[in-house]
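Remarks on the structure that follows.
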Amino acid sequence: MSLTYEEVVAKYEPVLGLEVHVELNTNSKMFCGCSTIFGAEPNTQTCPVCLALPGALPTVNEKAIESTIKIGLALNCSIAPFSRFARKNYFYPDMPKNFQISQYDEPICVNGYVDVEIETDEGPKVFRIEVERVHMEEDTGKSLHVGGATGRIHGAEYSLLDYNRAGIPLVEIVTKIVPGTGKYAPEVAKAYVAELRDILRSLGVSDVKMEQGSLRCDANVSLRLIGSDVLGTRSETKNVNSLRSVERAIRGEMIRHAERLNNGERVVQETRHFQEDTGLTRSGRSKEQAEDYRYFPEPDLVPVAPDAAWIEQLRAALPERPSIHRKRLQEQWAVPDKEMSAMINADVLDVVEATVALGAEPAKARSWWLGEISRIANEKDVAIKDLPISATDVAEIVALVNAGDLTDKLARQVVEGVIAGEGKPSAVIAARGIKVVNDDSALMAAIERACAGQPETAQKVRDGHLPAAGALIGMVMKDTKGQADAAKVRALLLAHLGQSEG
């Protein structure tokens, strides 16, 4: 029996647990000096330490510790005066050591929280997500499964291993269980990951590119009967790499759990993988408990004991919290809630702000990013920020429109040209011969030709039927190849035919 989402939340309460992994943007890896630049040729950023060759010893990256403390402070955590690394033992092909250096019982940051606001049926509502811990570890390498239809090991002809990513500094942010979200659980999870991404971006500790794996979410979901205190069995959907997918994965798992429970079947504790094409998850492996990893203190690394004065220096230098920053911008720009939400959902708030900082009016900046540029992004099925157009380009285009050197229609052509790779706005204008026809004599000549071509329409306008002017204006715009200012053409046309807007 297939259940609707409404049927699920009418009977069951979801309980969430979210684990977000963040790759730090340090220049070198967590325990060695190898480069962390993304996209290098496979296995060219490795050394005896990150390949776990005999006799190679790790050393801690100080910048990674600093970044982790900043994250903990920004998430309202307490910073431990003493923490240590541990070995997390498990076998996987892209783990050169067959263990991962992580933190276990003594993490560096504990007991924080993040507040997120979403729109509910009753209006905006704030949900507090409690953070259990923030700890440091190293990333694994990357397996590439060749052949087969899924890109996974099942059905592949062979597998390749790239150890460039092995040892990249990684921070894991783990929430406490999150009850009380009800039917809004998917939206709350999405908002939480989005807020984390904004906080991390503001700190400058990661590029938070989910599509490249710099930020990825493991979503734990269980259901319990409404009114019950007994937690259900959880499943963990691994490495979800977009905000939309976080929401879809949790919604899909809630439905899957409910269908099994309604059918008298057992929910298995396991890891699962989200499938973008179907919006469903598929089984991965049974989920280990902590004792299965056989944790023990890392013998080759000394404990981390950050100086209290250093921690306070980092706290004092924290940037403005993104949620406060957004509210301040909304007030400064006098933006309605709906338009502010649109910018946040489209992930263009930063670039709109940058455009405004370059001199564009807020209303025009967001109009271009949420209008024409968003339309092109949708057509190309890419994120707006992935288009090759910058805040500088848009600010220049807005300035040209304001100066009367471009009409909105011509400006759209310039935007298209910039995105098509034809160069900066000035280069596109020069190459395409885009120029506003402002000369009154040239416009009057075109107006006279239009009136001569449609004398009956011109007479209607003379007789006071102003809507008929649209056809004549269209002829003038065609005559001038769309390079005239339609508002100016209308004013000249009406005056020529003895009429006015009044």
Side-chain angles (χ1 to χ4, degrees), residues 37-41 201 207-212 214 242-244 333 339 342-443 445-446 473-490:
I37 294 175
F38 181 82
E41 287 296 312
R201 183 187 289 138
D207 63 20
V208 293
K209 293 180 178 178
M210 297 187 76
E211 71 279 4
Q212 294 182 2
S214 299
S242 77
L243 297 178
R244 179 170 177 263
W333 297 347
E339 291 190 24
M343 285 189 283
I344 293 170
N345 292 336
D347 195 22
V348 297
L349 184 60
D350 289 347
V351 73
V352 170
E353 183 182 8
T355 307
V356 172
L358 291 167
E361 302 96 317
K364 292 184 178 180
R366 68 176 182 269
S367 175
W368 280 106
W369 286 105
L370 288 176
E372 183 66 11
I373 298 172
S374 177
R375 180 190 66 78
I376 295 173
N378 289 335
E379 284 183 354
K380 295 180 176 292
D381 195 25
V382 300
I384 294 175
K385 286 189 174 181
D386 290 337
L387 292 174
I389 186 168
S390 67
T392 303
D393 297 329
V394 176
E396 182 180 345
I397 291 168
V398 170
L400 290 169
V401 173
N402 288 343
D405 295 328
L406 289 178
T407 64
D408 283 343
K409 182 177 180 180
L410 295 177
R412 287 194 290 272
Q413 294 181 33
V414 177
V415 167
E416 291 173 357
V418 172
I419 293 174
E422 298 173 20
K424 293 296 181 181
S426 57
V428 174
I429 290 169
R432 293 193 177 193
I434 296 173
K435 184 180 180 181
V436 173
V437 178
N438 270 328
D439 181 74
D440 284 3
S441 60
L443 291 176
I473 293 170
M475 290 187 66
V476 174
M477 296 303 292
K478 183 177 181 180
D479 193 344
T480 59
K481 299 179 181 179
Q483 295 182 334
D485 184 333
K488 185 173 184 179
V489 170
R490 180 178 179 84

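- Counting only heavy atoms from C-beta outward, the side chains of Ile429 and Asp405 never approach each other to under 4.5 Å.
- Distance CG/Leu349 to CD1/Ile344: 6.0 Å, rounded to 0.5 Å.
- By the 4.5 Å heavy-atom criterion applied to side chains, Val352 and Pro362 are not counted as neighbours.
- Summarising the geometry, atom CE belonging to Met210 is positioned 13.0 Å from atom CZ belonging to Arg244; distances are rounded to the nearest 0.5 Å.
- Here the closest non-hydrogen pair linking Trp368 and Asp408 is CH2-O, 4.0 Å.
- In this structure, CD on Glu416 lies 9.0 Å from CD on Glu422, to the nearest 0.5 angstrom.
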Can I get a per-line list of side-chain donor-acceptor pairs under 3.5 Å for residues 393-403, giving both atom names and the distance, sequence neighbours left out?
residue	atom	partner	partner atom	Å
Asp393	OD1	Lys424	NZ	3.1
Asp393	OD2	Ser390	N	3.0
Asp393	OD2	Ser390	OG	3.1
Asn402	OD1	Lys364	NZ	2.4
Asn402	ND2	Glu361	OE1	3.2
Asn402	ND2	Glu361	OE2	3.2
Asn402	ND2	Val398	O	3.4

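- Nearest approach of Val428 to Gln413, heavy atoms of both residues: CG1-O, 4.4 Å.
- What you find for Ala391 and Val351 is that their closest heavy atoms are CB-O, 3.9 Å.
- Note that the CD atom of Glu339 and the CH2 atom of Trp333 stand 11.5 Å from one another [nearest 0.5 Å].
- To the nearest 0.5 angstrom, Ile376 atom CD1 is 7.0 Å from Leu387 atom CG.
- The shortest distance between side-chain heavy atoms of Thr392 and Leu358 falls below 4.5 Å.
- Residues Ala365 and Thr355 share a closest heavy-atom pair of CB-CG2, 3.8 Å.
- The stretch residues 376-387 participates, sequence neighbours left out, in these side-chain hydrogen bond (donor to acceptor under 3.5 Å, both in side chains) pairs: Arg375-Glu379.
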